[in-house]
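When reading the values below, keep in mind they use all heavy atoms of this one structure, side chains included, and skip hydrogens, waters and symmetry mates. Order of appearance sets the numbers: ligands from 1, and atoms from 1 within every ligand.
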Amino acid sequence: MGSVKRIEFLLICFFYARVSCSSVEQKIYVALNNTTPCVRLLNATHQIGCQSSISGDTGVLHVLETDDDLDWITKTGPHAPYMVLMDSFTFTRSSMMRLKNSSRVAGVAVIHMSTPPDKGFSPHTSCPNQNTGVYTESYGPDLANCSTTVWNPLGNGLSYEDFPFPIFSLADDNETQVIRKCYEDHNKRVNGSAPVYPLCAMQLFSHMHAVTDTVTCMRRTDLQNSFSINPEQLCDPLMDYNVWATIRPINATAKGHKQNESMVIAATRLDGRSFFYDLAPSAEGTVSGIVTLLAAAEALRSVTQVAPPPRNIFFVFFQGETFDYIGSSRMVYDMQNNKSVIDFDNVHSFLEIGQVGLRREQNLWMHSDPISRRNETVNEEVAFLVSNIKSAASMSNLTLDEPNATQALPPSSFQRFLRVRPIPGVVLADHQSSFINKYYESLYDTAEYLKVSYPPNLSPEEQLEYETEAAKSLTEVATLVARSLYKQAGGENSVLKNITADTKTMAKLLYGFLVKSNNSWFRSLLPREMVSKDRILESSPPQYYVSLSQNQQPKSVTTFVKYILANMTGTATNLNQSQCQNPKDIPGESKDLYIYDWISGPASENHTAGEPFCVRAPVRLAKAMSPAFELRQYGSREYSTWTESRWKTIKARIFLVASPQLQMLTLGVGIAVLLVSLVVTYFISSKADILFSSAHDAPNTTY
Ligand SMILES: *[C@@H]1O[C@H](CO)[C@@H](O)[C@H](O)[C@H]1NC(C)=O
Ligand SMILES: *[C@@H]1O[C@H](CO)[C@@H](O)[C@H](O)[C@H]1NC(C)=O
Ligand SMILES: *[C@@H]1O[C@H](CO)[C@@H](O)[C@H](O)[C@H]1NC(C)=O
Ligand SMILES: *[C@@H]1O[C@H](CO)[C@@H](O)[C@H](O)[C@H]1NC(C)=O
Ligand SMILES: *[C@@H]1O[C@H](CO)[C@@H](O)[C@H](O)[C@H]1NC(C)=O
Ligand SMILES: *[C@@H]1O[C@H](CO)[C@@H](O)[C@H](O)[C@H]1NC(C)=O
Ligand SMILES: *[C@@H]1O[C@H](CO)[C@@H](O)[C@H](O)[C@H]1NC(C)=O
Ligand SMILES: *[C@@H]1O[C@H](CO)[C@@H](O)[C@H](O)[C@H]1NC(C)=O
Ligand SMILES: *[C@@H]1O[C@H](CO)[C@@H](O)[C@H](O)[C@H]1NC(C)=O
Ligand SMILES: *[C@@H]1O[C@H](CO)[C@@H](O)[C@H](O)[C@H]1NC(C)=O
Ligand SMILES: *[C@@H]1O[C@H](CO)[C@@H](O)[C@H](O)[C@H]1NC(C)=O
Ligand SMILES: *[C@@H]1O[C@H](CO)[C@@H](O)[C@H](O)[C@H]1NC(C)=O
């Protein structure tokens with residue numbers, strides 16, 4: 001029988017001689033390797049994002065450039081459904097909503113241009129985290145829903161739309177040239193008449209398992225978990241870790257109220273997003289705050305050791321803030337339930353670093369909450385904090401002011417603390433009212449936008465050290481923040497001059513967080529196995545989209561901030577490696593107060609790998625998962641309910657399609673060939689004894 005099967009195979013191959021039998025797929029399809037999809041996210045009530053059908057969506061390529069093309073795609077073109085190819089300038093709300101409304105669109109591929117649109121672009125909402133801040137019907141109703149200040153006026157809300165087709169981002173490189181060429185060669189209209197087959201088509205796969213909303217998805221998941229042996233998770237809560245540190249160590253094992261601790265909280269956020277999955281450069285939106293707070297922590301190190309202020313300073317970096325304040329709402333929840341290292345009675349005041357890119361001028365604004373300031377006591381304390389910051393600013397070139405006293409707080413982690421108690425606090429930002437950032441939560445909020453760029457011909461190591469103008473002005477902000485914190489913590493005025501942030505450090509922070517995380521400085525601060533094995537260091541900047549619970553490892557940004565903060569607030573010890581892992585019995589050392597990390601150490605000329613040593617630091621990670629999942633309140637209005645759908649395949653490819661008639665003909669011929677070959681096979685096999693008298697000689701051969 002083996003010989004017979006082989007003959008049948010050869011026969012079929014013979015009739016399809018146009019394509020090689022071994023690699024049909026590779027010859028016909030060109031896989032696109034440099035793509036990023038938009039994925040589906042869900043909250044308590046909605047689904048947003050994009051998806052394809054389970055077998056991928058296919059359409060004839062059409063480039064969208066003019067309104068005429070839009071009509072062609074949605075109305076007149078004869079080859080629907082279309083796969084729309086556009087560059088990022090055409091990726092606007094009006095064109096996307098028309099495509100969404102049309103049943104003739106199979107999907108969209110957006111070529112990401114590196115030059116940003118001058119007029120600005122933000123796919124985020126115009127009122128970020130509208131429903132989960134402090135302003136509600138019962139608290140400043142006239143400030144709720146951005147009714148006095150629209151924070152992100154350029155926000156077109158595309159990131160929060162639900163699209164029924166897949167949308168992919170393509171990097172503008174050689175691959176897009178391949179696609180464009182395929183389009184030019186086959187699909188381009190000549191004098192307005194329709195192109196003829198064969199046509200260039202594109203297929204996008206991004207099927208999403210979860211539908212409707214988080215409530216539905218988690219209910220199904222819970223059901224599966226209780227009835228199925230192999231439960232399949234359909235969606236995962238967005239989560240990662242907050243990072244915190246104190247200038248004086250506190251017992252992190254003991255939860256709840258800390259006796260005799262009064263803390264000034266210095267906060268910023270760790271995450272951002274864009275329309276596409278895991279692409280979030282967030283330079284001004286997020287990184288400006290991260291680097292400022294880290295450099296401020298370093299500026300405070302030596303002075304707080306020599307002249308410690310009466311109050312402690314609690315640095316905290318919140319994760320998942322973009323998605324309805326995941327990190328801060330979790331910390332607040334833990335503080336209320338004695339699950340955190342401090343509680344609300346330990347909080348003295350709050351200083352949050354918002355967007356401080358300082359692109360336009362040397363102006364910073366101190367935003368505060370007008371509602372809590374109606375209370376005389378709170379108002380006095382806020383005024384005191386404001387005057388502390390102003391006096392710290394008097395020593396610098398920055399000018400600081402307060403916006404209109406009736407203006408609401410901008411979206412900020414501080415709002416989640418105000419929901420519980422009228423803590424005196426200020427949010428520092430470079431905008432008086434609406435954001436100055438033209439590219440909030442978009443792909444254009446990059447290093448270049450923050451003016452972090454280098455003269456040509458610098459080696460990576462030289463770039464790491466190069467002090468850009470942005471580094472200089474952010475260093476001033478970091479100095480201001482450090483001095484304000486020291487003053488607010490009750491420190492002496494005379495020492496303020498000694499507190500200065502380091503421009504060199506700021507230059508390295510900006511390089512690592514915005515240009516290339518795989519640099520000698522980051523390598524020296526991480527444990528060696530993380531450098532060699534975990535591959536969290538990349539030759540590109542980290543992306544700031546918050547991670548998922550299925551990954552046990554913290555997100556790379558969280559890890560970087562943790563180890564840098566350990567360098568900024570910790571001490572190098574002379575413990576050896578095993579003592580570093582277990583310092584329990586060594587006098588003066590305590591894992592309740594510190595973490596101990598065996599880190600790579602700076603590489604020198606002779607030691608390219610660096611000399612590892614043990615760092616002791618009062619730095620910790622704290623879980624940043626919305627309390628809604630802890631409480632299993634998946635329909636919560638109080639807490640973030642964002643989950644991300646799971647998926648199996650993400651891929652994109654282009655190929656040529658024949659006309660439907662030709663396809664039918666090919667199919668018909670194929671069936672005919674099959675029938676003929678079956679008859680022939682039958683004939684041959686029934687006469688096999690005669691035709692292959694040697695077939696019995698090799699009984700072990702199988703095919
Ligand atoms: C969507 O299409 C319908 C008809 O198909 C039309 O009436 C409606 O105005 C369209 N909406 C938008 C936003 O284009
Ligand atoms: C804000 O808008 C939402 C819906 O858009 C509404 O339910 C809510 O009542 C508004 N809040 C206030 C205080 O007006
Ligand atoms: C869920 O997200 C949608 C889209 O952004 C929004 O309109 C809705 O208010 C959100 N639901 C909740 C409960 O926040
Ligand atoms: C892109 O194409 C150019 C010339 O066609 C070639 O020199 C270059 O190496 C290609 N780049 C990549 C990443 O393939
Ligand atoms: C993607 O990668 C595959 C395999 O490496 C290659 O055959 C294909 O040509 C690549 N696609 C493009 C558009 O370069
Ligand atoms: C920290 O707190 C825990 C629990 O209250 C206690 O057992 C431990 O001794 C404390 N450690 C230090 C160093 O005070
Ligand atoms: C003002 O706030 C303080 C502290 O939060 C509180 O003790 C006091 O009762 C408040 N005063 C009024 C008039 O609400
Ligand atoms: C203020 O700016 C001037 C000139 O730009 C500069 O020389 C000086 O060092 C700056 N002062 C501070 C405190 O940064
Ligand atoms: C402050 O805002 C209020 C209401 O938004 C407005 O009436 C008032 O004129 C503003 N004051 C200043 C000084 O801009
Ligand atoms: C501040 O600096 C001065 C001189 O630069 C030095 O004498 C003094 O000890 C410093 N004070 C502290 C607390 O570091
Ligand atoms: C911080 O990093 C610098 C440079 O890598 C190193 O010289 C210093 O010892 C580190 N300090 C701590 C406390 O880790
Ligand atoms: C590095 O090596 C050079 C010669 O190879 C030697 O002169 C120098 O002392 C070494 N430096 C260190 C810090 O070991």
Side-chain angles (χ1 to χ4, degrees), residues 23 25-35 44-46 109 111 125-127 129-148 150 157 160 168 170-183 200 202-203 245 247 294-295 297-298 300-302 304-305 371 408 461 464-465 502 504-505 507-509 512 519-528 531 560 562-575 580 594-604 607 609-619 637 651-655:
S23 56
E25 179 160 297
Q26 285 159 29
K27 285 272 160 61
I28 303 177
Y29 296 107
V30 180
L32 304 174
N33 308 316
N34 211 347
T35 62
T45 51
H46 289 68
I111 300 169
T125 54
S126 57
C127 189
N129 290 356
Q130 177 168 10
N131 301 324
T132 42
V134 69
Y135 303 110
T136 59
E137 275 93 357
S138 54
Y139 191 98
D142 47 334
L143 301 178
N145 291 339
C146 289
S147 47
T148 53
V150 177
Y160 289 85
F168 277 53
L170 312 174
D172 187 19
D173 59 10
N174 291 10
E175 256 182 45
T176 32
Q177 294 314 315
V178 175
I179 305 169
R180 279 190 197 277
K181 183 158 191 319
C182 186
Y183 173 78
C200 189
M202 184 185 268
Q203 189 173 31
I247 54 168
L294 287 172
E298 185 186 51
L300 283 167
R301 173 170 46 195
S302 60
T304 50
Q305 278 161 6
I371 308 300
E461 279 306 302
L464 175 66
E465 306 276 340
D502 181 16
K504 272 261 165 330
T505 302
K508 292 191 281 189
L509 285 169
N519 60 69
S520 62
W521 190 52
F522 275 27
R523 281 197 299 271
S524 78
L525 300 178
L526 296 180
R528 200 175 272 175
V531 175
F560 299 151
K562 178 193 151 185
Y563 285 103
I564 295 170
L565 199 55
N567 183 279
M568 304 297 188
T569 58
T571 1
T573 66
N574 48 21
L575 302 180
C580 195
Y594 301 102
I595 51 161
Y596 294 82
D597 287 315
W598 186 250
I599 62 155
S600 307
S604 61
H607 296 277
E611 197 69 73
F613 63 94
C614 186
V615 171
R616 174 184 68 205
V619 178
R637 297 296 160 119
K651 67 176 179 183
R653 55 192 188 178
I654 55 172
F655 52 92

I'd like to know whether I371 forms a side-chain contact (heavy atoms from CB on, under 4.5 Å) with Y135, so could you lay out the CA-CA distance, the side-chain angles of the two residues, the decisive distance to 0.1 Å, and finally the verdict. CA-CA 9 Å; I371 308 300; Y135 303 110; 4.0 Å; yes
Does the protein put a heavy atom less than 4.0 Å from atom 7 (O) of ligand 5? no
Ligand 5 versus N174: contacting region, heavy-atom distance under 4.0 Å: neither
I'd like to check which ligand 2 atoms, numbered from 1 as shown, lie under 4.0 Å from a non-hydrogen atom of P141. 13 (C)
Using the six-membered ring wherever Trp is involved, compare the ring planes of Y29 and F655 and label them parallel, tilted or perpendicular (cut-offs 30° and 60°). perpendicular
Which residue supplies the protein heavy atom nearest to atom 9 (O) of ligand 5, what is that atom called, and how far is it? V30 CG1, 4.5 Å
State, yes or no, whether a side-chain contact exists between Y563 and V619 at a heavy-atom distance under 4.5 Å. no
Within the side chain of T569, is there an N or O that forms a donor-acceptor pair under 3.5 Å with the backbone of L565? yes
Atom indices of ligand 11 within 4.0 angstrom of A572 heavy atoms, with elements: 13 (C)
What protein heavy atom sits nearest atom 1 (C) of ligand 2, and how far off is it? N145 ND2, 1.5 Å
Counting each atom of ligand 11 from 1 as listed, which ones have a heavy atom of T571 under 4.0 Å away? 13 (C)
G570 heavy atoms within 4.0 Å reach ligand 11 at atoms 13 (C)
Atom 14 (O) of ligand 5: the protein heavy-atom neighbour that sits closest, reported with distance to 0.1 Å: E175 CG, 3.8 Å
With a 3.5 Å distance limit and no angle check, can you tell me whether D502 reaches the backbone of K504 through a side-chain donor-acceptor pair? yes
Is there side-chain contact between R637 and T45, with at least one heavy-atom pair below 4.5 Å? yes
Taking T132's backbone N and O only, do any of them form a donor-acceptor pair with N129's side chain (distance below 3.5 Å, no angle check)? no
Note the single closest protein heavy atom to atom 4 (C) of ligand 11, along with its residue, its atom name and the distance in Å. W521 NE1, 4.1 Å
For ligand 2, which is the ligand I care about here, please tell me if E137 has any N or O atom under 3.5 Å from one of the ligand's N or O atoms. yes
Against ligand 11, does L525 come closer than 4.0 Å with any heavy atom? yes
For atom 11 (N) of ligand 5, closest protein heavy-atom neighbour: A31 O, 2.7 Å
Specify side chain, backbone, both or neither for V615, according to which of its non-hydrogen atoms lie closer than 4.0 Å to ligand 11. side chain
Nearest to atom 3 (C) of ligand 5, what protein heavy atom do you find, and at what distance? N33 ND2, 3.7 Å
Does the side chain of F613 reach to within under 4.5 Å of the side chain of C580, using non-hydrogen atoms? no
Would you mind listing which atoms of ligand 11 come within a distance below 4.0 Å of any non-hydrogen atom of S524? 5 (O)
Specify the closest pair of heavy atoms between E298 and M568, including all atoms of both residues, with the distance to one decimal. CB-SD, 3.2 Å
Ranked by distance from atom 10 (C) of ligand 11, the top protein heavy atom is N567 ND2, 2.5 Å
What's the shortest distance from atom 13 (C) of ligand 2 to any protein heavy atom, and which residue and atom give it? A144 CB, 3.5 Å
Within the structure provided, determine whether T571 and Y594 are in side-chain contact (heavy-atom separation under 4.5 Å). no
S524 side chain to S600 main-chain N or O, any donor-acceptor pair under 3.5 Å? no
